[in-house]
Amino acid sequence: MTARLAEMGVLPGAILKVVRAERQGPVVVEIRGGKVIIGHGMAEKILVELCREE
Amino acid sequence: MTSARKDVIRVALAGNPNSGKTTVFNALTGGRRHTGNYPGVTVEAELGWYRYNGTRVEITDLPGTHSLSARSLDEKVARDVLLNRNFDVVVCIVDASNIEHSLYLAIQLMELSMPMILVLNKNDLAQASGYAVDQRTLSRLFGIPVVTTVATRNEGIEELRQVIADRMNHRRPHGISYGEDLDRAVERLQDRIAADPQLNKLALPRWLALKLLEGDQPVTASVLQKCTDPDSLRREVESLRNKIRTCFSDDPAVVFAERRYGVISGACQEAVCRTAETRHRLSDALDTVVMHPLLGIPIFLVAAYLLFKLTFSLGQYPSSWIEDGVRFISGLVTRLWPTQWPILARSLLTDGIISGVGNVLVFLPNIVFLFLGISILEDSGYMARAAFIMDRLMHKIGLHGRSFIPLLLGFGCSVPAVLATRTIEGKKERLTTMMIIPLMSCSARFTVYGLIIPAFFPPRLRAPVLWTVYLIGVAIAVAGARLLRSTLFKGEGRAFVMELPPYRMPTLISLLHHMWFRTWLFVRKAGTIILLMSVVMWFLTNFPRTGKAGSALDRTTDPLQGTYAAAIGRGLEPVLRPMGFDWRIGTALVGAVVAKEVFISQLAIIFAVEEGESSVLQHRLRESYPPLVGITLLLFILISMPCIATVAAVRAESGSWRLALAQLVFLTVIAWAVAAAVYQVGVLLGIGI
């Protein structure tokens, strides 16, 4: 299922902004100038590291 | 340019769901459109045409998709149509205000190497958000014409017409490069495919090679089937895929997607200039409320309530006009029927065909308003939020947020709901959703509740009983979905990934367009079947002729006595007994197979009550049955067999008669079990008898 994420532009090395994330339920991220909803289970498996706010 | 003198240009219109594709389609064709099937695949399509300087331009509107990976049915349809038919040019609509995301589809279209025109729509929004897209640079980079439009204001449409009409503009895009290593793998496979004459016919060898490497299921299956030496090809594909996997330490599909975005980023860096960062402020502000973890659900419930309020309160007036109209025409035919003509033919016309058509038409206003409401929610961007809010709940039953929209539609009518499952990714989720849709109590069932509930319950209990019936349907659906997802459709849930478009004001023309298209689907799918079955029912309720002259209209007490329908009803009686039903209800249930609301008219015939006089019928029901039977009847109508139209829709959408029939059988068995259990317990405890 990483392929589907990749098609939405959620790719290794990409910079994204988490717009909304609760303890349950899907997560909204902003990436490449658009917003994408990602299911909680999937979102949990995405490794991110903090980068400085631009 | 051998085809330069041909005066028909065939255009395929592609684009993301939120790119304003429908608006461009309408602006181009000026409303000259009709609905037909996509060539080669039996899926409904919108076709339009216009004339430009003597050239006839025919446009096929593809389903709005984000990609061509064929992971959802919509994507598969779009892809198959493009592959099956030789279009002169593909026009790809790109949302200029969300350019990086929407160029992904464009890149995939370029891989098909068909002549292409890129349209940057919503340029006004892009500018308002601080973007400036240089169309000339993009055109040079991709090697195809690029046109900028604001379709809602008709800007750029004339230029687009001009570009489409000139065959000099139908250029194939530059090939996409994925970097040296990947390109080499693609080329190697491509040469091999090109050497196989069978595969050569299937599609462009380079595209096939790409899809094989990406691990695209449908393409791989059809290539291996057509291929002369499938085993060695499979081995070669696997070894190349493994090489990519080790080289890039990622799945080949991800690697290719990454490269596509690489191409997009490169193009955007050169062609897009960011002037200011003031994007979608209003949209963000709205989302903090609408998608709020606590406020989101009540807001959604209000939206859903308004949707149904709109559907039923606005729909009831035209519905009653249509009802009156049908009765008037039927009466007119009866009065004007020449006495020397056979009375049987008159009966077929009035009781069979006219009332059958009436049965379809009466629902039309409700359906039209429902679809209008749904289109407003969809076009405004709210549906994606609803999917977001409901995902948490849907997740618990093994489905995801996207399944929610079809289920919501199910409260209106199962047929369009089944059709709406096309956007769901993952076959198992899609089929599970389809299977539980009939448990969402549709508007036809509502009319039956409207008859039965007032007949058996005092006014203060009516609303709670109605709510309970709906909730029981939902509860069984939830249990059913969980059961299906852990047995028949077992498997890891597809991750829920969906684009969240910014809000926008829906345009009237696009709303009407969507509404009209869906209504037409309903009429065609449901209407024809209901009409046919009405004639069958007419036959069952009028034959064998028992010597009594005249049709059902001239009846005295029980005109169904001795007919096939009554025979079926009586034959079913032993099965119906445990639920407290007798042959009269059984006979009416035979009618409900066609469409749930037919139950009422059948009951009216059996109790010899004029149609429309529901209070008389309710009185007769109250006299004949205890309240307990009212409850079991509600339950049985709620759960049992979906109507013929739904069965047909499920058959068409799942591609399997077995699933459609299994659904029918299972739901009926469950209905029987629930109703019988309730009745038996009721009798035992002496409640409601």
Side-chain angles (χ1 to χ4, degrees), chain A, chain B residues 66-67 69 71 95 97-102 104 108 129 131 214-215 249-258 260-262 264-265 268 272 274 277 279-280 283-284 287-288 291-293 296 384-385 387-389 391-393 395 400-401 425-426 492-502:
Chain A
M1 266 326 287
T2 43
R4 185 74 189 126
L5 271 182
E7 294 204 315
M8 301 302 286
V10 184
L11 288 160
I15 295 172
L16 59 80
K17 180 175 155 197
V18 178
V19 179
R20 179 173 298 265
E22 308 291 334
R23 213 170 311 149
Q24 296 170 37
V27 169
V28 179
V29 300
E30 193 174 320
I31 189 161
R32 289 166 214 276
K35 281 186 194 145
V36 177
I37 303 174
I38 304 171
H40 198 85
M42 192 77 236
E44 257 177 355
K45 296 187 187 112
I46 302 173
L47 298 176
V48 292
E49 74 185 32
L50 274 179
C51 66
R52 205 171 300 153
E53 189 114 9
E54 280 172 65
Chain B
H66 182 267
S67 131
S69 308
R71 257 189 282 273
D95 177 357
S97 65
N98 186 6
I99 191 161
E100 282 194 57
H101 274 279
S102 45
Y104 192 82
Q108 285 197 315
S129 328
Y131 283 108
E214 279 189 282
S249 64
D250 220 329
D251 187 81
V254 176
V255 178
F256 278 101
E258 201 173 345
R260 290 193 188 105
Y261 272 109
I264 293 170
S265 300
C268 288
V272 180
R274 257 155 245 226
E277 199 75 23
R279 308 179 19 271
H280 312 309
S283 199
D284 288 345
D287 273 343
T288 53
M291 293 168 75
H292 190 275
R385 274 83 188 171
F388 170 87
I389 293 160
D391 184 64
R392 202 181 303 183
L393 288 174
H395 207 77
H400 54 58
E425 278 170 43
E492 177 74 8
R494 289 287 184 110
F496 172 48
V497 182
M498 186 178 180
E499 215 177 2
L500 185 67

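So you know, we letter chains A, B, ... as the sequences are listed, proteins then strands, and number each from 1. Note: hydrogens, waters and symmetry copies are ignored here, and every other heavy atom, side chains too, is used.
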In terms of heavy-atom proximity below 4.5 Å to chain A, should [X] be classed as side chain, backbone, both, or neither?
X: B:E214; result: neither
X: B:D287; result: both
X: B:T288; result: both
X: B:H66; result: side chain

So [Y] and [X], do their side chains get closer than 4.5 Å, heavy atoms only?
X: A:E22; Y: B:R392; result: yes
X: B:S67; Y: A:M8; result: no
X: A:R4; Y: B:R71; result: yes

Taking all heavy atoms of [X] and all of [Y], pick out the closest pair and write down the distance.
X: B:Y261; Y: A:E7; answer: OH-O, 2.7 Å
X: B:V254; Y: A:L11; answer: O-CD2, 3.9 Å
X: A:V28; Y: B:F388; answer: CG2-CE1, 3.4 Å

Any donor-acceptor pair under 3.5 Å from A:R20 side chain to B:M291 backbone: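 Yes, the answer is positive, given that a donor and an acceptor are paired below the 3.5 Å cut-off.
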Side-chain donor/acceptor of B:H101 to backbone N/O of A:K35, under 3.5 Å: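 Between the backbone of A:K35 and the side chain of B:H101 there is no qualifying donor-acceptor contact (under 3.5 Å).
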Please round to the nearest 0.5 Å and tell me the distance separating atom CG of B:D391 and atom CD1 of A:I38.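 Result: 11.5 Å between the selected atoms.
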Residue among B:S265, B:P293, B:A253 with most heavy-atom pairs under 4.5 Å to chain A: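 Going by pairs under 4.5 Å, I would pick B:P293.
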